[in-house]
Amino acid sequence: MRFTVISKNDEKSKYTREYLIQGMKKRGMEEDNIHPEIIISVGGDGTLLGAFHMYQHLLKETMFVGVHTGNLGFYADFHPEEADLLIDLIDRGKFVETEFPLVAVTVNTDDGEERHLALNETTLKMVQGSTLAVDVGIGGKHFEKFRGDGICVSTPSGSTAYNKSLGGALIHPSFRSIQLTEIASINNRVFRTIGSSIILPSHHTLNVYPNKADTHLLTIDHLHFQKNGIRSIEYQVAEETIKFARFRHFPFWHRVRESFISSER
Ligand code: NAP
Ligand code: MN
């Protein structure tokens with residue numbers, strides 16, 4: 001098994017990373033940062049987002065595992081003290097692969113088209129603190145005129161992140177879907193939005209058309225891009241998925257409870 005270990009920059013994460021690398025090599029596994037079959041992320045959910053973007057060109061042939069050195073994460077659910085167990089389970093192939101949906105974002109600008117994948121969410125805002133004004137289309141038909149701070153389009157596994165702070169629903173990652181949530185919409189006679197978050201299935205497309213050509217801020221997970229001349233953005237459930245190696249049963253709703261309600265069992 002070819003592996004790589006990515007870690008956050010704190011001492012505990014760096015130590016855990018070294019421990020895992022040495023332990024896996026001892027078991028005859030090969031460290032390969034270019035073509036890993038398994039990517040272990042040590043840190044938090046943010047660390048896993050970084051690992052995802054670093055290796056998103058290998059999504060078909062690789063899977064991810066998250067080890068948390070801080071609080072329990074949604075993507076990072078292994079404890080560093082379980083490192084030996086983790087090494088053993090990987091070596092013996094005692095895991096199952098699970099797939100989570102991603103959101104595909106296609107941005108059309110005056111300069112051409114670019115495509116991104118997000119694991120948590122993508123947002124659109126204005127750079128200069130002014131309000132974002134866009135026309136929103138669903139399935140090729142005009143749906144609403146949005147004006148406000150911005151919009152957020154999230155994946156099911158990202159529904160517990162920014163989307164949750166915006167009042168969006170939590171969606172089980174087995175639903176191949178994307179969710180549109182408003183960020184502080186203004187409602188008046190000109191701009192009228194539905195208000196509720198909207199969940200689209202994989203065969204539906206969401207389109208956004210900026211009303212002004214000013215500089216927009218496009219975020220993809222933790223990444224931020226300033227974009228000029230955006231004509232439209234299309235959002236869809238991506239054909240690509242992220243694969244996780246699962247070593248034990250830890251249902252999504254248990255994770256939600258442990259993260260947000262109580263860690264007492
Ligand atoms: P960050 O500012 O450290 O992340 C914010 C928090 O979100 C961290 O506690 C992070 O966990 C947690 N998180 C990340 N993905 C999650 C998920 N799928 N479910 C539940 N919690 C999750 O920045 P970051 O670590 O680079 O993460 C980027 C993410 O921050 C974005 O994708 C967005 O979802 C989130 N964010 C949230 C808000 C908000 O809620 N108002 C605003 C901007 C961005 P760790 O500490 O384990 O990394
Ligand atoms: Mn973080």
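Below, all heavy atoms of this structure are taken into account, side chains as well, without hydrogens, waters or symmetry copies. Order of appearance sets the numbers: ligands from 1, and atoms from 1 within every ligand.
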At a 4.0 angstrom heavy-atom cut-off, ligand 1 is contacted by Gly44, Asp45, Gly46, Leu49, Phe74, Tyr75, Asn120, Glu121, Ser157, Thr160, Ala161, Tyr162, Ser165, Asp221, His222
Pairs of donor and acceptor atoms involving the side chains of residues 57-67, under 3.5 Å and at least two apart or interchain, shall be tabulated with distances.
| residue | atom | partner | partner atom | Å |
| --- | --- | --- | --- | --- |
| Thr62 | OG1 | Pro36 | O | 3.0 |
| Thr62 | OG1 | Glu37 | O | 3.2 |

Below 4.5 Å, heavy atoms only, C-beta onward: do Tyr235 and Ile151 meet side chain to side chain? yes
* Are Lys14 and Asn9 close enough that some pair of their side-chain heavy atoms sits under 4.5 Å apart? -> yes
For residues 126-133, tabulate all N or O donor-acceptor pairs below 3.5 Å that involve a side-chain atom, not counting sequence neighbours.
| residue | atom | partner | partner atom | Å |
| --- | --- | --- | --- | --- |
| Thr131 | OG1 | Arg147 | NE | 3.1 |
| Thr131 | OG1 | Arg147 | NH2 | 3.4 |

dist Leu119:CG -> Leu49:CG (nearest 0.5 Å) comes out at 5.5 Å
ring-ring contact (aromatic ring centres under 6.0 Å, His included) filter on Phe244, not counting sequence neighbours, yields Tyr75, Phe100
